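What follows is a short report on a single structure.
Heavy-atom basis, side chains included; hydrogens, waters and symmetry copies ignored. Quantities reported herein were computed from a predicted structural model and do not represent experimental measurements. Chain letters run A, B, ... following the sequence lines, proteins first, then strands; residues in each count from 1.
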2 protein chains.
Amino acid sequence: MSTAAVADIRPYHHGDLRRALVDAAIRILEREGPSALSLRAVAREAGVSPAAPYHHFKDKGELLDAVAHVGWEALGEGMSAVQGEVPDLSGLMTEIGVAYVRFSQDHPALYRVMYDTARDKDSLPEGMQDKEDGAYCLVRNTFRSVAGPDVPDVDIELATIAAWCAAHGLAEMSGFAQFGPLKDAFGGDAGFLRAVLSHLGMFQPKLVKPT
Amino acid sequence: MSTAAVADIRPYHHGDLRRALVDAAIRILEREGPSALSLRAVAREAGVSPAAPYHHFKDKGELLDAVAHVGWEALGEGMSAVQGEVPDLSGLMTEIGVAYVRFSQDHPALYRVMYDTARDKDSLPEGMQDKEDGAYCLVRNTFRSVAGPDVPDVDIELATIAAWCAAHGLAEMSGFAQFGPLKDAFGGDAGFLRAVLSHLGMFQPKLVKPT
DNA sequence: TGTCCGATCTGGACAGTGCTTAGATAGAAG
DNA sequence: CTTCTATCTAAGCACTGTCCAGATCGGACA
């Protein structure tokens with residue numbers, strides 16, 4: 001009878017359940033963390049039977065893949081956003097690193113899923129190196145711009161890998177906020193974070209090509 | 001009747017079940033990976049009822065803590081072992097980093113558990129900074145030896161954190177071996193690994209105190 | 001317009017999980 | 001030899017991922 005409700009997203013079979021499930025999963029992730037993310041809970045959150053997801057995803061892993069993909073897109077956008085805000089190229093890499101770690105702090109559960117699903121497949125996350133606008137490409141292109149044209153590609157790739165490893169390690173460690181030396185390091189302004197990043201040679205363009 | 005069997009570790013109630021459970025867990029971890037590590041599977045592997053572990057560990061998490069602790073001890077030993085093998089202090093940090101990544105490659109499942117159990121507690125892994133011989137202390141002390149006495153403690157700490165983050169990030173990435181640029185990077189000799197480490201300023205003592 | 005088809009969703013079931021409780025067992029202490 | 005206490009088992013609860021038979025409904029085709 002009340003089919004006229006404003007946002008009663010339940011017209012026929014469900015409209016776009018696949019999308020709704022991914023959204024529901026992210027909602028649970030942000031609200032209760034990764035340990036609460038069961039397939040049944042997602043179905044419950046979306047107001048659907050426990051077996052419904054299986055008509056859109058092969059299994060739970062495939063749902064998580066879709067969730068992770070959304071995460072990679074968001075991370076890529078967050079990293080791209082700082083590009084116009086920094087005047088000198090010298091500080092750009094550092095700010096991209098800050099944006100990366102910030103994302104992992106703002107969406108810790110999502111960030112975890114992004115790497116966990118990839119780990120189960122023994123391959124780098126798909127969304128990470130998507131097309132031209134993937135987050136990985138962004139870093140590599142930035143290195144390419146910062147470095148002179150005389151720097152060979154292999155060094156650019158090496159630098160990108162090193163920077164990515166450092167940022168990822170930093171992001172993981174930032175979760176352990178109670179630890180003495182790391183306390184207050186990742187909260188508030190990113191001063192300490194920038195200090196650690198500056199200790200990592202990769203984020204100083206002059207070190208792109210070490211002797 | 002056959003109580004005279006050589007290694008029939010089942011004398012009374014079980015002897016030392018706690019230890020046996022941790023060993024069984026690690027065995028499962030190395031054989032089938034983290035996803036197969038259920039408490040019931042551990043009990044099965046140890047030849048004991050599913051409820052038996054609860055007399056030695058509050059819950060599954062506490063068992064994993066014990067497993068992780070064994071892992072941290074092994075990692076610390078692995079990192080310490082290279083100390084006598086490198087003549088110059090300059091290369092020592094790099095070799096410690098290599099030892100760290102190597103451990104994560106040799107025991108990927110155990111390595112994952114070591115960080116996962118810590119993450120649930122929002123604090124750095126306990127075993128990591130144990131006593132004087134913890135792995136973290138080893139790195140800090142090495143930095144202390146490499147750097148001159150004029151380098152303040154805060155910079156040593158900063159360098160240790162940065163190095164740890166970089167090594168951890170590298171260890172995590174080394175699992176994604178299928179990725180183009182990383183392919184062959186972590187296998188065989190550690191040449192590529194050393195190259196990436198050298199790109200990370202932290203592993204070059206001269207960079208301990210950046211301007 | 002009416003009928004059927006195929007995609008979508010439900011209800012129920014199965015094995016496996018973490019964990020609890022009540023009771024059995026056996027080593028040690030009296 | 002009895003008793004006590006730590007250890008272990010059996011049975012069961014709520015939950016999970018996954019599959020299956022059947023219900024439902026939108027759209028295509030007549």
Item checked: Minimum-distance nucleotide (side-chain atoms of Ala51(A) versus dG17(D), dT20(C), dG11(C)) ->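 Selected nucleotide: dG11(C).
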
Notebook entry, point to check: If you check every side-chain atom of His55(A), which of dC8(D), dT8(C), dC19(C) has the closest atom?
Noted result: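 When the side chain of His55(A) is considered, dT8(C) is the closest of dC8(D), dT8(C), dC19(C).
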
Integer-rounded Å distance: [N] [atom2] and [X] [atom1]:
X        : N       : atom1 : atom2 : value
Asp59(B) : dT17(C) : CG    : P     : 17 Å
Arg18(A) : dT8(C)  : CZ    : C1'   : 15 Å
Lys58(B) : dG18(C) : NZ    : P     : 14 Å
Asp16(B) : dG27(C) : CG    : P     : 16 Å
Phe57(A) : dC9(C)  : CZ    : P     : 11 Å
Lys60(A) : dG16(C) : NZ    : P     : 18 Å
Glu32(A) : dC15(D) : CD    : P     : 13 Å
Leu17(A) : dG26(D) : CG    : P     : 15 Å

Please determine whether a side-chain nitrogen or oxygen atom of [X] lies at a distance below 4.0 Å from atom OP1 or OP2 of [N].
X        : N       : answer
His56(B) : dA6(D)  : no
Arg40(A) : dT17(C) : no
Ser38(A) : dT16(D) : yes
Arg44(B) : dT17(C) : yes

Margin query: Do His168(A) and Met173(B) have side chains that approach each other closer than 4.5 Å (heavy atoms only, starting at C-beta)?
Written below: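 Touching, per the 4.5 Å side-chain cut-off.
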
Check: Is there a side-chain contact between Glu95(B) and Glu85(B) (heavy atoms, below 4.5 Å)?
Finding: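 A side-chain contact is absent here, since even the closest heavy-atom pair is not under 4.5 Å.
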
Check: Mapping Ser49(B) and Ala36(A) to their closest nucleotides on DNA chain D, which lands nearer the 5' end?
Finding: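 That would be Ser49(B).
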
Notebook entry, point to check: Would you say Asp59(A)'s side chain and Glu62(A)'s backbone share a donor-acceptor pair under 3.5 angstrom?
Noted result: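 Yes, the answer is positive, given that a donor and an acceptor are paired below the 3.5 Å cut-off.
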
Next item on the list: Starting from the 5' end of DNA chain C, give me the residue, Leu39(B) or Ala52(A), whose nearest nucleotide shows up first.
Entry: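 So the residue in question is Ala52(A).
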
Check: Are more than 12 heavy atoms from other residues, nucleotides or ligands located less than 6.0 Å from atom CZ of Arg19(A)?
Finding: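 Counting other residues, nucleotides and ligands, CZ of Arg19(A) stays at 12 neighbours or fewer.
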
Check: Would the number of heavy atoms belonging to other residues, nucleotides or ligands and lying under 6.0 Å from CD of Glu126(A) be above 12?
Finding: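 No - once you tally the heavy atoms of other residues, nucleotides and ligands closer than 6.0 Å, there are 12 at most.
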
